[in-house]
Amino acid sequence: MTEVSMCCSSSCELSPDEERIIIRDIALSVQTNIKEGDTFFIITQRWWQHWIEYVNQDQTNPSYDGSSFHEHSDLASLNALKRPAGIDNYDLIDNTGSEDSSTGIQIHDTLLEGRDYVLLPQVVWDQLFKWYGGGPSLARKVISSGLSQTEFAVEVYPLRLQLLMLPKNVRSTIRISKKETIGQLHKNTCEIFDLQLDQVRIWDYYGHRKHALMNDMDKTLDDVNLQMDQDILIEVVNNTNSTISAQENGSAQREANSVLVEPSKSSLSAAGAPSTSKGASRGNNIEHSSSQKLNSPDRDSENPYGTLGVTTRGSFGGLTGLLNLGNTCFMNSAIQCLVHTPEFARYFREDYHQEINWQNPLGMVGELALAFGELLRKLWAPGRTPIAPRPFKAKLARFAPQFSGHNQHDSQELLAFLLDGLHEDLNRVKHKPYIKSRDADGRPDEEVADEYWANHIARNDSIIVDVCQGQYKSTLVCPVCNKVSVTFDPFMYLSLPLQSATNRTMTVTVFSCDGSTLPSPCTVTVPKQGRCRDLIQGLSNACSLKHNERIVLVEIRNHLIHRFFEDPLQLLSSIKDDDRLAAYKIPKMDKNTKYLQLIHRHREQSSDSHTVSGWKPYGTPIVSLISCDDTITRSDIQVIVNGILSPLLLKAETKAVSNSTNKDDTVSKATHLPTLPLLLVDDNNACIDLSMGGEKVVKLSPSSARVLVYIDWSQKLLEKYDTHPLETLPEVLKYGPVTKKARSEPLSLYTCLEAFLREEPLVPEDMWYCPKCKERRQASKKLDLWRLPEVLVIHLKRFSYSRSMKHKLETFVNFPIHDFDLTNYIANKDNSRRQVYELYALTNHYGSMGSGHYTAHIKLLDENRWYNFDDSHISLISEDEVNTAAAYVLFYRRVKTDDEIVSNGD
């Protein structure tokens, strides 16, 4: 086991800022000198983020004079982060695997840099390890990468090879760097199986076939194109240099026999070609047990090429289901739709191998295309026995770790990955030229569109582009100088919004800062594409705002004010449904006032119910106004805060105050309210105890826009006030039965398309750089369809994501099965061709986001009949059953005119 050290004391004398400076200087000294062979260390993102926040806290926390308050003398303790404990990398370690001496501790296969871990140069790790100890140490080497081998990368995951030794049929797994030599692989193998170097021959055994004898000891594993989880055959030979095993000879004979039924593959490279033998798809199952035989009969051993040249009618193929491997219905439904796309079914059952782009750095070395092609051939083979898509799932997990494991995923996200990955694997362009796009600059749209499309095809040319890619026109207009920018961009699918309404319902909690009323939620209806001024106007009308008052609108996060909505032109689209907003009714400001923010704190009860922790923010802050003149005293601020909180007084306290004051005298009433422990953070970031020295003047700098006042709610104070109205702040839109019903009304697919093509301003996070203004502008954007593909994929955006929640829209979309006519939606008026489509497949999603289920409805075109594909179960359905509220991704195929049918010979 890698050494785990106890925390050293050498850093205890250092401040957080000193630690930060030391690590910064060390990192700067090495960042430009990285070379092959250098060592980096993996460290958990969780610990690293804690340390970053710890050493940077001195940059943001206020300093305190410590002279005027007692139990609150150290306000920094409120938010101060404790020094991290020892480094703890154990959450990165995969305890299910074995640890071998060649690679040390194994980490989880699905870790992502920046999300789960960060990489630190050795000198940085050494310093942190000296200070904090812990571990375990996870060292990785820098290797050269890229086509030119001039780029450097840290090899976080060395190759994992599946070793099979014959004749004993013993299996083992080894981790080894792709930059190690074949000679080193021989040595490691001999150590694992206790053999001598002259006793073994090692074969590239991709797909359970002998592709190449690995006997050039100086070549690296990268040179011979070994891949993750690839099979390696270890042959034990006798003194006469012949194999010992009669069993292996029989296996080789069976392999030779299987070759006789395969088509020619002379254009394939040996190591990179897919196996087409009877054992081709069992590469991911060989580690199950040492007694498992290489050629055990199962569904995967059927000849995948048996359907070449035969009809595709359902009676012979196309009605084979996919077994659910554990929440893989998202994958199965998307695969079935692609497999039953006629252009793809024809392409992948022919010899497509010559189009594989083995060198494309954006692709998967052809492996995704090979795995998909093999699975498609099996699904179109005669017979209806369901197939377990384990080999394809393994390839998917390898190249797209986000889809690994057994969690449910979004089938549309998988579909997008598959289409893009298949395109790169099958891109006919081997060397992409650099082409600089030009703006339209007043040229005719037809000329510019053709130029953009030609540039695109010069870099991207594949069966996926041929079938699925279209082009739309994108127009941006600067709101300041009216500069118009026109581009023509490709698309693989259309993602259409389902919200047909033009209005939006928003809930905001309104606070009255004069002590007249309790806070209350207010729900208003505003334009969906409206601005903050629309929301403020709606709130003003709903809460009967007085002529001398105005609304201050803020977003609350973690019991603090996250942002003020001070720009009346800010788009309401920047406010999410799960945001929490507060609005404060305050007098209209003059030059001699500023905002006073009242922030509530209380002591949190610990889990053992016997001790309490420090003061923590809670509830909802309140905003009021405070005078900036030189005569304001600490007691004046007490009076302001007492007035703000007076509606929260319990009845007994209210009665006592009323009996001792004039009922109409608000100031007098406030002076008789309970004394609050208040702390003010002044303009020098020092804390002032407002409960002492009541007549002492508070100096407030006019340059500061806001004054922070903390109120600490002690148990004694809570006995006099009811703070529950401060503790509940509803979301802007709470998804419940009412909103679900409103969102389930029928909606036309044409309406969704029109909403997608409607002009709207860009969101603030995606502003456009105007080349004329030389500034980023919130431009308006308009999309138009220009060129449509043969197969049009439409994604209905049922799922909406926010910071804390995910929602699914159950809207029923009325989409046409026949005669989906898009002719009038094409901006290219020179195209006189009718754009009519017919539905042939779709995926469905039933249930909620986390626990839902995917199926597919598919039409076998030769039979003109619809089927429901539910994992391994396939059933005939009527056309009336196709359109449901579960429809998610639609697949349309262009309807050819009579002239096109004649010209194509169809």
Side-chain angles (χ1 to χ4, degrees), residues 343 419-420 423 427-429 432-479 481-496 749-750 752-762 766 768-772 777 779-794 819-838 892-904:
E343 291 81 357
L419 289 174
D420 186 64
H423 158 65
N427 196 346
R428 303 173 185 116
V429 180
K432 294 187 177 183
Y434 172 75
I435 302 174
K436 185 176 181 180
S437 298
R438 295 190 300 157
D439 200 8
D441 290 331
R443 292 183 293 158
D445 282 349
E446 293 75 15
E447 175 187 337
V448 179
D450 289 344
E451 178 184 285
Y452 269 80
W453 188 252
N455 292 345
H456 177 65
I457 296 300
R459 294 173 52 85
N460 301 276
D461 183 16
S462 70
I463 181 63
I464 306 299
V465 175
D466 297 343
V467 175
C468 292
Q469 285 201 352
Q471 186 182 34
Y472 57 70
K473 174 186 177 183
S474 175
T475 306
L476 292 169
V477 180
C478 178
C481 70
N482 293 320
K483 163 69 176 176
V484 178
S485 174
V486 177
T487 58
F488 291 83
D489 303 309
F491 67 85
M492 193 87 76
Y493 51 86
L494 300 178
S495 289
L496 304 188
L749 184 60
Y750 290 106
C752 297
L753 179 61
E754 289 163 4
F756 173 75
L757 299 176
R758 186 181 299 128
E759 181 177 359
E760 60 182 18
L762 297 174
D766 192 27
W768 171 63
Y769 181 81
C770 176
K772 186 175 180 181
R777 302 296 189 192
S780 63
K781 183 176 183 178
K782 175 73 171 69
L783 294 178
D784 291 291
L785 299 179
W786 188 266
R787 187 190 312 263
L788 292 181
E790 291 301 310
V791 169
L792 179 62
V793 181
I794 296 180
D819 299 324
F820 182 36
D821 193 347
L822 298 177
T823 306
N824 293 332
Y825 292 91
I826 302 301
N828 183 7
K829 300 308 177 184
D830 284 354
N831 189 347
S832 58
R833 181 184 185 186
R834 286 194 67 213
Q835 307 289 331
V836 180
Y837 287 82
E838 181 170 318
Y892 282 94
R893 191 168 182 244
R894 189 197 302 274
V895 177
K896 295 181 179 180
T897 64
D898 294 339
D899 292 340
E900 290 174 318
I901 294 175
V902 171
S903 63
N904 292 333

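No experiment lies behind these values; they were computed from the predicted model shown.
Leu822 is listed as a side-chain neighbour of Leu788, based on a closest heavy-atom distance under 4.5 Å. Between Glu754 and Leu757 there is no side-chain heavy-atom pair separated by less than 4.5 Å. In this structure, the side chains of Tyr452 and Pro490 stay at 4.5 Å or more apart for every pair of heavy atoms. The shortest side-chain heavy-atom distance between Lys473 and Val486 falls under the 4.5 Å cut-off. In this structure, Ile457 and Val465 have side chains that are in contact, with non-hydrogen atoms separated by less than 4.5 Å. Here the side chains of Ser485 and Tyr769 are not in contact, with every heavy-atom distance at 4.5 Å or above.
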Working for side chain to side chain contact (heavy atoms under 4.5 Å, CB included), residues Arg787 and Asp450 | CA-CA 10 Å; Arg787 187 190 312 263; Asp450 289 344; 3.5 Å; yes
Starting from the C-alpha separation in whole Å, work towards a yes-or-no answer on side chain to side chain contact (heavy atoms under 4.5 Å, CB included) for Asp445 and Asn828.
-> CA-CA 8 Å; Asp445 282 349; Asn828 183 7; over 6 Å; no
Trace of the side chain to side chain contact (heavy atoms under 4.5 Å, CB included) decision for Met492 with Ile464 = CA-CA 9 Å; Met492 193 87 76; Ile464 306 299; 3.6 Å; yes
Mind running salt bridge (charged side-chain N to carboxylate O under 4.0 Å, His left out) on Asp819 and Arg834 for me, showing each step along the way?
-> CA-CA 11 Å; Asp819 299 324; Arg834 286 194 67 213; over 6 Å; no
Verdict with reasoning, Val793 to Leu494, per side chain to side chain contact (heavy atoms under 4.5 Å, CB included) = CA-CA 6 Å; Val793 181; Leu494 300 178; over 6 Å; no
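Ion pairing between a basic and an acidic side chain is recognised when a charged N comes within 4.0 Å of a carboxylate O; Asp466 and Arg428 show such pairing. With respect to Arg894 and Glu838, no salt bridge is recorded, no charged nitrogen being found less than 4.0 Å from a carboxylate O.
To the nearest 0.5 angstrom, Tyr892 atom OH is 5.5 Å from Phe820 atom CZ. Taken from CG in Leu753 to CG in Leu783, the straight-line distance is 10.5 Å, to the nearest 0.5 Å. With values rounded to the nearest 0.5 angstrom, Leu792 atom CG is found 13.0 Å from Tyr493 atom OH. Between Ile435 atom CD1 and Asn455 atom CG the span is 4.5 Å, to the nearest 0.5 Å. Summarising the geometry, atom CG belonging to Leu476 is positioned 14.0 Å from atom CZ belonging to Arg777; distances are rounded to the nearest 0.5 Å. Going from atom SG of Cys468 over to atom CG of Asp420 covers 12.0 Å, rounded to the nearest 0.5 Å.
Taking each heavy atom of Val477 and Trp768 in turn, the nearest pair found is C-CZ3, 4.5 Å. The two residues Ala449 and Trp786 make their nearest non-hydrogen contact at CB-NE1, 3.1 Å. The shortest heavy-atom contact between Pro433 and Ala458 is CD-O, 3.4 Å.
The backbone N or O of Glu760 lies less than 3.5 Å from no partner atom in the side chain of Ser780, so there is not a single donor-acceptor pair. A donor-acceptor pair under 3.5 Å is absent between the side-chain atoms of Asn427 and the main chain of His423, judged by distance alone.
The aromatic rings of Tyr750 and Tyr825 sit parallel, their planes meeting at an angle under 30°, below the 60° perpendicular limit.
At most 12 heavy atoms of other shown residues, nucleotides or ligands fall within 6.0 angstrom of atom NZ in Lys772.
Remark: Glu446 engages no residue in a salt bridge (Lys or Arg N to Asp or Glu O under 4.0 Å) (not counting sequence neighbours). Lys782 is linked by a salt bridge (Lys or Arg N to Asp or Glu O under 4.0 Å) to Asp784, counting only residues two or more places apart in sequence or in another chain.
Checked against the 6.0 Å centroid threshold, Trp453 and Phe488 do not count as a close aromatic pair.
Side-chain N/O atoms of Gln471 and His456 include no donor and acceptor closer than 3.5 Å.
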